[in-house]
2 protein chains.
Amino acid sequence: MKLTIYTVAQEAGVSIATVSKVINNTGRISEKTRQKVLKTMERLNYHPSTVASALTGKGTKNIGLLVPDVANPFFAEITRSIEDYSNSLDYGVMICSTDNKSERERKYVSLLLRQKIDGIILASNFQNEELIQELLDKKVPIVLLAQEVPSMSIASVTIDDFKGGSIAMQHLLSLGHRNIGIITENNRSGKKRLHAYRQMLEEYGVEVDESYIMKCEASISDGAYYGEKLLRHPSRPTAIFACNDMIALGVMTAARNAGISIPDELSVIGFDNTIMSTVTVPLLTTVSQPIREMGRKTVQLLMEDIEKGDAFKQSILYSPELVVRQSTALQKQ
Amino acid sequence: MKLTIYTVAQEAGVSIATVSKVINNTGRISEKTRQKVLKTMERLNYHPSTVASALTGKGTKNIGLLVPDVANPFFAEITRSIEDYSNSLDYGVMICSTDNKSERERKYVSLLLRQKIDGIILASNFQNEELIQELLDKKVPIVLLAQEVPSMSIASVTIDDFKGGSIAMQHLLSLGHRNIGIITENNRSGKKRLHAYRQMLEEYGVEVDESYIMKCEASISDGAYYGEKLLRHPSRPTAIFACNDMIALGVMTAARNAGISIPDELSVIGFDNTIMSTVTVPLLTTVSQPIREMGRKTVQLLMEDIEKGDAFKQSILYSPELVVRQSTALQKQ
DNA sequence: TTGTAGGCGTTATCAT
DNA sequence: ATGATAACGCCTACAA
């Protein structure tokens, strides 16, 4: 026999309306009745059905999280932080890996919409801006994480990519490097980091060599491929700014294969400070983002939107920090 | 104005029952009507509400996935494979990291129950067996992944841990090692791998030294801690069987700190063949599990249970495979 | 082949 | 302070 609000009402000798009221802390009920109802709910181990509740318009207590790939350590960590905070608020999170493919994004958004999730977190590099607009039109609460879409008014939580790029370059430049290659993703974050690359180079009065600039996906294999290219460059760079740790790992592999020693002959700096950067040899110098804090903040913004329907969209910008380890060194001579 | 089945019915000039029938491919409707309805759904961009549908007993099209920690690369990969296949079946997956804490398990299960998910995948090392029993009593479809609970009849997908342990030990032993340490998790899988350790040692006629056996959690730091202990052992082992890659990474770190060269002075073998094992120096020899295939199979079993209410619970056992890379070598002299 | 109506478990609006 | 009752959007006998 199924356990519904009716069962509780009957057992407690009240009406379902009363039970509903104590569940939701709405209306006025005597303390005595409230306790009685609470007790029976406890005794019966009753939990209201989110589904039924959702049908009346109260939200599903479920949010969707779109990331390029959960299997990518950076996004896995983001996922974990979002999951933790959502859970503490009694929200479930549906994980959706898009592979940065417009088609997958579309399919997942459609699924989420049918499931009537209460809100969506878009983490990094969403391809399909019309889709975002659609969501906006449908009043679906959205928060962008590690991504911005300048042309739209959406709440977002990001780090300062330009600053991150500057910090990385500053580190390399102050170490005496002048021939610096860069391998970056071709998305907004990547472009900002690239912009910082150019800017800092200019500041140090070194001309930028376009053939030092490589664009690719955030994978070890791509990093290795383009890293090798760079290492074969007629005027081989003495340092490489890999715009995320996965790419940096690829570069390290390429260097090893080419018998080039890090950091003696080549300095490498990554970005993200994922767990991967703590296990390489040598340990990877990188730029860190406060992932847990960012995940938490993202959920918080989303909840404000969900619960209060915030009209004012805030953009939160965190500062990245340099984490010096062993993969970068003074340029000799 | 909200878009419901009524809107579609009206626009198409039929009743909601008809629309419902074409949506669910049930009952008999003329091809003409079907097309008409399909067209209007298309035109209106209508998608039936899973919530409402769920309330009538048709399931939420949502499953829960409990893992110790999504941020752990092994489980991140598992998550990805499960997500992919579920998604292709139009199911959403709610991610739940338990940290192997009974309290978190309980909280998540309660959340999932309230959300009325259609089924649950329990990946690895569930602490709370009464909770499982509760779920079973409630007829919640469950499949165990990378875990078994011998005392209960539950569908499961695992690799043969004993065989995996044997393969790893066989490799080390055939390389001439006789002083072999082991660091393992204290769960069912770990115990089986440990059992294989003892067995193989015995087979090779070497007495097992209990002080060579360490138990810990699946983390780099624990691996480093116990690895260091082993390396300080008066009769230092020449090889270490780390029962998963994370632990192996810790051991490698410990060895490096102690100035012990791998594989020259110490052979290390891991388990899981995660992405981490492809970026270490030297590359990690490990034992692989067919993660994607296992994830897929798990979802498949769960769906069978959800859709057909399978009475017969199958246990699928996959074979692990040795992946020889660079962290193991012949024992000199 | 298609339509009518009752039910799924809650919430919320009125009465009482 | 409490209770009866109409939604919510869909499914499914049962009728027509």
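To find a chain, count down the sequence lines: A is the first, B the second, and so on, and within it residues start at 1.
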* B/I16, nearest nucleotide to its side chain (from C/dT2, C/dT11, C/dA5) -> C/dA5
* Asked: Nearest of D/dT2, C/dT4, D/dC11 to any side-chain atom of A/S30?
  -> D/dT2
* If you take all heavy atoms of A/H47 and B/S110, which pair is closest and at what distance? -> CE1-OG, 4.2 Å
* **Interatomic distance, A/Q10 CD vs D/dA4 P [rounded to whole Å]** => 12 Å
* To the nearest Å, give me how far apart CD1 (B/I5) and C1' (D/dC11) are. => 8 Å
* Asked: Checking all strands, does A/V14 fall into the base, sugar-phosphate, or nothing category for heavy-atom contacts under 4.0 angstrom?
  -> sugar-phosphate
* **Presence of salt bridge, B/R80 and A/D99, under 4.0 angstrom** => yes
* To do: Using only heavy-atom distances, determine whether the side chains of B/E293 and B/Y318 contain a donor-acceptor pair under 3.5 Å.
  => yes
* To do: Identify whether any heavy atom of B/K21 sits under 4.0 Å from a base atom; if not, whether one sits that close to sugar-phosphate; answer base, sugar-phosphate or nothing.
  => base
* **Gap between atoms NZ and C1', on B/K58 and C/dG7 respectively (whole Å)** => 16 Å
* Asked: Can you tell which of D/dG9, C/dT4, D/dG3 lies closest to the side chain of B/S49?
  -> D/dG9
* **Rounded distance in Å - NZ (B/K116) to P (C/dT10)** => 7 Å
* Asked: How would you label the contact of B/T26 with the nucleic acid (heavy atoms, under 4.0 Å): base, sugar-phosphate, or nothing?
  -> nothing
* **Minimum-distance nucleotide (side-chain atoms of B/T33 versus C/dA5, D/dT2, C/dT1)** => C/dT1
* **A/N24 vs C/dT10: side-chain N/O to OP1/OP2 distance below 4.0 Å** => no
* Is it true that the side chains of B/Q133 and B/E129 contain a donor and an acceptor less than 3.5 Å apart? -> no
* State, yes or no, whether a side-chain contact exists between A/I316 and A/S156 at a heavy-atom distance under 4.5 Å. => no
* For atom NE2 of B/H47 and atom P of D/dC10, their distance in whole Å -> 12 Å
* Base, sugar-phosphate, or nothing for B/T18, non-hydrogen atoms under 4.0 angstrom? -> sugar-phosphate
* Asked: Does a side-chain N or O from A/T56 land closer than 4.0 Å to OP1 or OP2 of C/dT11, or not?
  -> no
* Structure fact -> Which of C/dT4, C/dT11, D/dG3 is nearest the side chain of B/A17? It is C/dT4
* **Sugar-phosphate, base or nothing in reach of B/I23, heavy atoms under 4.0 Å** => nothing
* **N/O (side chain, B/S15) to phosphate O (OP1/OP2, C/dT2) under 4.0 Å** => no
* **Salt bridge present between B/D84 and B/R296 (N-O < 4.0 angstrom)** => no
* **For atom OH of B/Y6 and atom P of D/dC10, their distance in whole Å** => 9 Å
* **Spacing of A/I29 atom CD1 relative to C/dA12 atom C1', expressed in whole Å** => 14 Å
* To do: Measure from CZ on A/R28 to C1' on C/dT13 and round the result to the nearest Å.
  => 16 Å
